[in-house]
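These notes concern the structure reproduced below.
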Amino acid sequence: MSEVYYIDHPLIKHKITMLRDKRTGTYEFRKLVEEIAMLMGYEALSDMKTKDVKIKTPIEETVQPVLDGRKPAIIPILRAGLGMVNGLLSLIPTAKVGHIGMKRNETTHVPEAYYCNFPPHMDERQIIVVDPMLATGGSLTDAVSEIKAKGGRRIKCMCIIAAPEGVRKFTETHPDVQLYVGALDRCLNENAYICPGLGDAGDRIFGTL
Ligand code: PRP
Ligand code: URA
């Protein structure tokens, strides 16, 4: 059973509108992607496991919760996913960061993996895959298959904007993975860009327009 969460928060909505605006420049765009990732991460990680530890406050001894288990792994899909990493690291500064490079072929729109580097013990970590855009769904679907092949089991994905086509493809292939979406857009155009979308996320983050 697929779990898709559409995040419904006025702060996130406002920031996504600013991202979409073509007048938003590189510096502001980057800041917004980071802030949205942080806000979405706060929601997406609300089920992290804790364990009780004994500590002493200045007043008395007490048993209180801390995060349990191995450090989570944040896995951005290169390039655009890199823009979301610092937002999540501001929530979990000790997280490991892996990388997966996927590039859509501009004619066929089929993604090709060109780089893969993950932390050890993938099977024991909470994995958070980040990519601002879920268009045809090819990049995220293939990236998660790659992560599963390397042992990843507990996987959550975060996308700022998704097209219905991408959500469908992803959830059909990976019904066991939780998907968090900031905004669900109308459709894809003939070049497989999301409408209304925000254009090319990687180009806008890195100023390569
Ligand atoms: C963009 C985006 C996703 C992908 C989504 O990356 O960051 O990874 O497209 O499209 P899909 O759902 O149809 O696969 P792109 O291939 O443009 O590479 P970039 O991040 O290096 O710009
Ligand atoms: N990748 C992007 O960066 N934008 C889109 O609209 C589709 C894929």
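Residues take their numbers from the sequence shown, with the count starting at 1.
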Once you round to the nearest 0.5 Å, how far does [atom1] of [X] lie from [atom2] of [Y]?
X: Leu11; Y: Met38; atom1: CG; atom2: CE; answer: 9.5 Å
X: Met40; Y: Met84; atom1: CE; atom2: CE; answer: 5.5 Å
X: Ile160; Y: Met133; atom1: CD1; atom2: CE; answer: 8.5 Å
X: Ile127; Y: Met122; atom1: CD1; atom2: CE; answer: 3.5 Å
X: Met158; Y: Gln178; atom1: CE; atom2: CD; answer: 12.5 Å
X: Glu3; Y: Asp176; atom1: CD; atom2: CG; answer: 9.5 Å

With sequence neighbours left out, the residues meeting salt bridge (Lys or Arg N to Asp or Glu O under 4.0 Å) with Arg30 are none
Hits for salt bridge (Lys or Arg N to Asp or Glu O under 4.0 Å) against Lys150, two or more places apart or cross-chain, chain-then-number order -> Glu146
Report yes or no: does [X] contribute a side-chain atom to a donor-acceptor pair with the main-chain N or O of [Y] at less than 3.5 Å?
X: Arg204; Y: Thr24; result: yes
X: Asn86; Y: Glu34; result: no
X: Arg125; Y: Gly152; result: no
X: Lys169; Y: Thr141; result: no
X: Asp21; Y: Arg23; result: yes
X: Glu165; Y: Leu188; result: yes
X: Arg20; Y: Gly197; result: yes

For Arg154, the side-chain contact (heavy atoms from CB on, under 4.5 Å) test, sequence neighbours excluded, returns Gln126
Would Val97 and Val144 show up in the same hydrophobic cluster when neighbours are defined by side-chain heavy atoms closer than 4.5 Å?
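In one cluster: no.
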* Can Leu134 be reached from Ile77 by stepping across I, L, V, M, F, W or Y side chains whose heavy atoms are under 4.5 Å apart? -> yes
Applying ring pair (Phe, Tyr, Trp, His ring centres under 6.0 Å) to Tyr180 and not counting sequence neighbours gives Tyr5
| said: Please enumerate all residues that pass ring pair (Phe, Tyr, Trp, His ring centres under 6.0 Å) together with His99, with sequence neighbours excluded. | reply: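 Residues passing ring pair (Phe, Tyr, Trp, His ring centres under 6.0 Å) with His99: none at all.
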In terms of heavy-atom contacts, Gly138 and Pro111 come closest through C-CG, 3.4 Å
Mind checking side chain to side chain donor-acceptor pair (under 3.5 Å) for Thr62 and listing every partner two or more places apart, or none if nothing turns up?
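Per chain and number, Thr62 pairs via side chain to side chain donor-acceptor pair (under 3.5 Å) with Gln64.
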inquiry  = Tell me which one of Leu32, Ile161, Ile7 satisfies side chain to side chain contact (heavy atoms under 4.5 Å, CB included) with Ile16.
reply    =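 Per the side chain to side chain contact (heavy atoms under 4.5 Å, CB included) rule, the option paired with Ile16 is Ile161, out of Leu32, Ile161, Ile7.
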Over 12 non-hydrogen atoms of neighbours within 6.0 angstrom of OH in Tyr27:
no
Got a sec: does the CZ of Phe206 have more than 12 other heavy atoms crowding it under 6.0 Å?
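Check passes, neighbour count above 12.
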query: Would Asp203 and Arg79 count as a salt bridge (Lys or Arg N to Asp or Glu O under 4.0 Å) if you check the C-alpha gap in whole Å, the side-chain angles of each, and the deciding distance to 0.1 Å?
result: CA-CA 9 Å; Asp203 282 345; Arg79 290 175 301 167; 3.0 Å; yes
Side chain to side chain contact (heavy atoms under 4.5 Å, CB included) for Val167 and Val4? Distances and angles first, verdict last. CA-CA 8 Å; Val167 173; Val4 186; 4.2 Å; yes
